[in-house]
Amino acid sequence: MSPKLNLQTTIAGIDFRNPILNAAGVWCQSTAELDTLLTSSAGGAVTKSATVKSRLGNATPRLKSLPLGSINSMGLPNYGFQYYLDYVTKQQATDQHNLILSIAGLSVADNLTMLRQIQSSDYTGLVELNLSCPNVAGKSQVGYDFAAVADLLATIFTFFDGKLGLKLPPYFDLHQFDELSAILNQYPLAYINAINSIGNGLIVDPLTESVVIKPKGGFGGIGGNYVKPTALANVRAFRLRLNPTIKIIGTGGISSGQDVFEHILCGADLVQIGTALGTEGPAIFERVTNELSDLMAAKGYQNLADFRGKLKTL
Ligand code: RRO
């Protein structure tokens, strides 16, 4: 990396030496995996979305890698909230702050329970409330119910004063961005993360005439190249509408430095890699960081702020 290049980025006062993290769910279920991320070239790490109690998740096969991406219906396999809270608190005590604690309660009450526990704990870092898991049978994605999101935020901010981000599902109608942004702008959110997988897609294997994953009759979240245009559109649409104090994490379809560049051009402050991290492993962070650096150097950019959000329109 050229000595002049600076990939540093900040969310709610938390510094990241570069803007490229794992996406929640990939390479982050165990502390061993999280340790590997933190010793890789990643800018930081997000933990597997936690539920109050540990879960084994859905029946297998529940993840399939595809030429253009992936489909998953993991069903929130995780070691339980306390496991991840202990991990990020321990890291914080050693001055490692570039972490995000992800939570995904199975109910409003569960989310409030976990947030109250965080509020009364020593952990003061970033927290990501996942409102968009598509894969728990019988549970719909809260992020599509704007009245429920409004109610939840109103309750959360009566007691929570930490650094809160929201993981959102993809939206497809401009009216949805208007309506949700008007709600989110009422609260001191640290960031939003756009997007989770595109929920309830279906991949068909014509040879076997079968679905490719077992849970929910084959329906699952789509990630990878399939979702990049939707992810970019969500980052851009929210950046045009949200208060500048609410930062944006861009997730979806990132497997190269150019993909990171495009997300940042649309307004992302940080980005996360899911599907491609799953197939390539943590070595991807060094490759993608180098590609981003080379692209910035070729364009004469020295900082991410030189091009963040500066997408041109005709
Ligand atoms: O565990 C999952 O099935 C899962 C989650 Br919590 C999520 O937020 N997004 C996704 O694609 N899978």
Side-chain angles (χ1 to χ4, degrees), residues 21-30 33-34 45-66 68-81 83-84 100-108 110-111 114 127-145 149 152 164-171 191-203 211-228 230-231 234 249-254 271-279:
L21 276 58
N22 65 301
V26 185
W27 219 282
C28 60
Q29 193 175 328
S30 67
E33 287 176 309
L34 287 160
V46 54
T47 59
K48 171 68 189 170
S49 294
T51 48
V52 172
K53 291 184 182 152
S54 65
R55 285 171 58 89
L56 292 174
N58 292 338
T60 58
R62 59 189 183 183
L63 168 66
K64 176 84 176 164
S65 187
L66 307 158
L68 294 176
S70 64
I71 183 168
N72 89 84
S73 183
M74 303 301 289
L76 272 164
N78 76 93
Y79 291 109
F81 170 68
Y83 177 91
Y84 301 100
I100 301 176
L101 173 63
S102 173
I103 59 171
L106 298 176
S107 64
V108 170
D110 282 1
N111 280 327
M114 290 188 280
V127 176
E128 182 165 293
L129 175 59
N130 184 349
L131 298 180
S132 46
C133 175
N135 298 329
V136 178
K139 302 274 181 193
S140 49
Q141 291 162 273
V142 179
Y144 286 127
D145 181 344
V149 174
L152 183 59
L164 185 69
L166 301 179
K167 179 82 174 264
L168 298 173
Y171 301 101
Y191 72 89
I192 60 133
N193 185 339
I195 58 175
N196 209 319
S197 54
I198 298 183
N200 296 302
L202 189 64
I203 300 293
V211 299
V212 300
I213 56 171
K214 184 178 173 81
K216 289 176 66 181
F219 287 72
I222 305 293
N225 293 350
Y226 290 115
V227 313
K228 191 174 101 172
T230 299
N234 275 252
I249 299 181
T251 305
I254 295 176
V271 300
Q272 296 180 343
I273 305 182
T275 295
L277 169 59
T279 48

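Whatever order the structure lists ligands and atoms in, that order sets their numbers, starting from 1.
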With a 4.0 Å heavy-atom cut-off (strictly under), which part of [X] contacts ligand 1: side chain, backbone, both or neither?
X      : value
Lys48  : side chain
Asn58  : neither
Ala24  : neither
Val136 : neither

**Request:** Below 4.0 angstrom from a heavy atom of Asn130, which ligand 1 atoms are there? Numbered from 1 as shown, please.
**Result:**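 Those atoms are 6 (Br), 7 (C), 8 (O).
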
**Message:** Quick check on contacts: which atoms of ligand 1 are under 4.0 angstrom from a heavy atom of Met74?
**Reply:**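 The atoms of ligand 1 under 4.0 Å from a heavy atom of Met74 are 1 (O), 2 (C), 3 (O).
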
**Message:** Tell me the nearest of Gly25, Gly75, Ser73 to atom 2 (C) of ligand 1, using heavy-atom distances.
**Reply:**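 It is Gly75 that holds the nearest heavy atom.
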
**Asked** Considering Asn196, Asn72, Ile198, which one's heavy-atom position lies nearest to atom 7 (C) of ligand 1?
**Response**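 Answer by nearest heavy atom: Asn196.
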
**Asked** Residues in side chain to side chain donor-acceptor pair (under 3.5 Å) with Lys228, at least two apart?
**Response**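 Lys228 satisfies side chain to side chain donor-acceptor pair (under 3.5 Å) with Asp259, Glu262 once adjacent residues are dropped.
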
**Prompt:** With sequence neighbours excluded, what pairs up with Asn200 under the side chain to side chain donor-acceptor pair (under 3.5 Å) test?
**Reply:**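 Asn200 satisfies side chain to side chain donor-acceptor pair (under 3.5 Å) with Lys216 once adjacent residues are dropped.
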
**Item:** Side-chain touch Val136/Leu76, heavy atoms, less than 4.5 angstrom
**Value:**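 Yes. Closest side-chain heavy atoms under 4.5 Å.
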
**Request:** Measure up the Tyr144 and Tyr171 rings against each other and bin them: parallel (under 30°), tilted (30 to 60°), perpendicular (over 60°).
**Result:**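 The arrangement is perpendicular - the two ring planes meet at more than 60°.
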
Heavy atoms only: give me the nearest [X]-[Y] pair and the separation to one decimal.
X      : Y     : result
Pro215 : Ser73 : CB-OG, 3.4 Å
Gln29  : Tyr83 : O-CE2, 3.6 Å
Leu101 : Thr47 : CA-OG1, 3.5 Å

Does any N/O atom on [X] come nearer than 3.5 Å to any N/O atom on ligand 1?
X      : value
Ser49  : no
Leu76  : yes
Pro134 : no

**Request:** Please write down residue, atom name and distance for the protein heavy atom closest to atom 5 (C) of ligand 1.
**Result:**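 Ranked first by proximity to atom 5 (C) of ligand 1 is Cys133 SG, 3.5 Å.
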
**Message:** Could you identify the single nearest non-hydrogen protein atom to atom 4 (C) of ligand 1 and state the distance to 0.1 Å?
**Reply:**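 Result: Asn135 ND2, 3.7 Å.
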
**Asked** Atom NZ in Lys139, atom CG in Leu106: separation rounded to 0.5 Å?
**Response**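 The distance works out to 5.5 Å.
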
**Asked** Under a heavy-atom criterion of less than 4.0 Å, does Ser197 contact ligand 1?
**Response**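 Heavy atoms of Ser197 do come under 4.0 Å of ligand 1.
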
**Request:** Assess whether side chain to side chain donor-acceptor pair (under 3.5 Å) is satisfied between Asn72 and Asn135, documenting all intermediate values.
**Result:** CA-CA 8 Å; Asn72 89 84; Asn135 298 329; 3.0 Å; yes

